[in-house]
Amino acid sequence: MTGPRVIYWFRTDLRLHDSPALKAALDLEPSAFFPIWCWDSHYVFRARVGVNRWQFLIDCQNDVSQSITKLNPKSKLFVLREPAITLLPKLFKAWKISHLVFEKDVDAYAAERDEEVKKLARDAGVEVIVKSGRTLWDSDEIVKKNGGKPTMSITQLQAAGAKIGPIEKPVPTPKSLPDPGDTPIKFNHTKPESKPDMNEPWRDDAETSFDSGIAGPNGDFAPPTLEECGFKAATTQHRGGESVILELLEERLADEDYTATFEKPKTSPAAFEPQSTFLTSPYLHFGALSCRYFYHRVDAILERRRRAKKPTSSPPASLHGQLLFRDMYFGAQAGLGWSFGQTYNNPKCRFIPWHLPSRVDVATRRSTGGYEVDDAEKEVWLRRWTAGTTGFPWIDAIMRQLRQEGWIHHLARHSVACFLTRGGCYISWERGADVFEELLIDHESACNIGNWQWLSCTAFFAQFYRCYSPVAFGKKWDDDGDYIRKYVPELKDLPKKYIYEPHKAPIQDQKKAGVMIRGDGSETEAGGLKVYPKPMFDFNSRRDICLQGMKSAYNVGFYGDNPKVLDGTWKQAFDDDAEGPTEGDKGGPGGLGSWEDADGAEGESKHDDGPEEEEEEGGRSTTKPRGHKRENSQSKLDFGKGKKKAKK
DNA sequence: CTCCGTGTTGATAGG
DNA sequence: ACCTATCAACACGGA
């Protein structure tokens, strides 16, 4: 018998329920069916993946493997330790494959890789079937229906979705799976380049997951362990897997009032054990939970409630709204490609002269992963924000929960993102996005990038005068400070009165609570007492400086693809004393203070040709003619901020 | 073109 | 506990 021999390539769709791609594979009625995972060098070396997300991925792999084995004891998830690009052509031949099936992915890296894979399959005479399944609607269809443009608002997404039609109903979970064929791997093992290794800081041993051959140390195609990757044990209590989330979901949906009246803005960022939301995001990211399954399960509950004339919530605050926002970000990513993830060359991202701007390669117009330290103090602020030692307990508690558990509430993300960017440090959102990419178990490039742009008011959202206070916002949800006491334990015995501002506690109270408030976070203990740092700046004056910076940047009105941003002449539009690396006239591309941190010789020469005509008025005069809008803004600013400035 | 209402989730004071 | 207006003022979409 010579039926189709099918590879089902699992990627971030680690589930058996509601998988249109898996259904398409099984509809072929394969005579041999190979569920595989390609251990991808991009994930292993090039993407920032903290130890907790690794654990979550491996959980999901093991879970789906066990579910496959339950349906067919001869089968499992065959994890192959080689990137798809080099591995698949060899498998096509060795396993006599006729079809390759996988779920569509849209992030810029995956889209490029998948085009390459399709070409390789064509060359090998293998038919490729790709099905959308990661989002409510196919993101490329959304972009088409949005006039070929990225979806930058929820109304655009909803309008585009309505044109496509109702959200697909879940497809049934398979009740059986065909046998796999033999799985010979007697071909060369191509190990990927291990440098550069973005995850090196997390490894205390060498990465060895590619050293033991394609089928791993036991030759059984098992998922790698954290030890093999050179990682320490994970610290998160969250466990991945399709079976885990399907069970948790039943529990949470069983509370009909909670489900049907869910409004995200009314859920507490300070709640823990249990948290105030569903915590489906990491499962959605790895595909362990289908977003359409979730959507329709919620929909059925809403429908029942409406018929019973009981209250229900609606988008954008409701559960459906949360899934719509996710699709909006995927639609933005699908429409913008690589530029979505950076300021440089991004036509939809406002240009703000942030501190610590990304280095860019002028030739490829991509950010390179590094950044320029325009100001040593801001580098210290970034380090302290990342470590959770800013001296603002609410911020530090959130950042420590993030590091420890890999998941924080959406509003907690708002707090710390606002603080790092437009509402405190005035540091590039790209720095924050990098840290979240590393630490979040639910990191999804579209949502992470989109939310950082939202909070930094560079895209999706613009009301920058709505600024989160690191004191007032937390108090609103958790006046007693239980959340801080949990995640910043050195403060746990401090009276409620001082828990959000410990530096205001008298020395007596500090001693009584067993903590000293002093220094910059570099010491944690002194003379038998715990030490917690003083705030790293005065928040109110920083907020005013940031607000002023945002106003002037908005009035300049550049986006990431503006010629002046691309070639470095953007500096001419900013006053020397504007916040950020704005001093002087000769900037670098994409907000860099100079060309030294940019790649690409072509750019260098552009710079030499460029700004000469400005030399004349390029001095330190503060009355440079910059257009009506800007002058208008400056006068207003000076009026509003006189007091603070005088203090300095 | 302008006007106006609305926008996932601010802070504060006052009822 | 929960509502409202105000602060100062951006962007978008529909009329």
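Every chain is numbered from 1 and lettered A, B, ... according to where its sequence line falls, protein lines coming before strand lines.
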Quiz item: Regarding A/E168 and A/Y295, is there a side-chain donor-to-acceptor distance under 3.5 Å anywhere?
Solution: no
Within a strict 4.5 Å, meaning less than it, do heavy atoms of the A/C291 and A/R326 side chains meet? yes
Check whether any side-chain heavy atom of A/W394 sits under 4.5 Å from a side-chain heavy atom of A/V471, and report yes or no. no
Result for side-chain contact (heavy atoms from CB on, under 4.5 Å) between A/I517 and one of A/K504, A/K534, A/E501 points to A/K534
To the nearest Å, give me how far apart [atom1] ([X]) and [atom2] ([N]) are.
| X | N | atom1 | atom2 | result |
| --- | --- | --- | --- | --- |
| A/L157 | C/dG13 | CG | C1' | 16 Å |
| A/M152 | C/dC12 | CE | P | 9 Å |
| A/Q158 | C/dC12 | CD | P | 17 Å |
| A/Q548 | C/dA9 | CD | C1' | 16 Å |
| A/M550 | C/dC10 | CE | C1' | 10 Å |

- Task: Could you give the distance separating B/dG5 and C/dA5 at their P atoms, to the nearest angstrom?
- Result: 13 Å
With P as the reference atom in both, quote the distance from C/dA9 to B/dC1 in angstrom, rounded to an integer.
24 Å
Encoded 5' to 3' (Watson-Crick or G-U under 3.5 Å; [ ] crossing; | other strand), DNA chain C becomes .||||||..||||||
Self-check item: Ring-ring centroid check A/F278 A/F294, cutoff 6.0 Å
Solution: yes
Would you say the ring centroid of A/Y468 lies under 6.0 angstrom from that of A/F419? no
### Message
Looking at A/S268, is its backbone amide N or carbonyl O close enough to the side chain of A/S276 to form a donor-acceptor pair, meaning the two atoms are under 3.5 Å apart?
### Response
yes
- prompt: Parallel under 30°, tilted from 30 to 60°, perpendicular over 60°: which one fits the rings of A/Y329 and A/F325?
  reply: tilted
Tell me whether the rings of A/H355 and A/Y426 are parallel (<30°), tilted (30 to 60°) or perpendicular (>60°). perpendicular
In B/S/- notation (B base, S sugar-phosphate only, - none; protein heavy atoms under 4.0 Å), nucleotides 8-15 of chain B written 5' to 3' is BBBSS---
Walking DNA chain C from its 5' end, the first of A/F464 and A/T155 to be reached, judged by nearest nucleotide, is A/F464
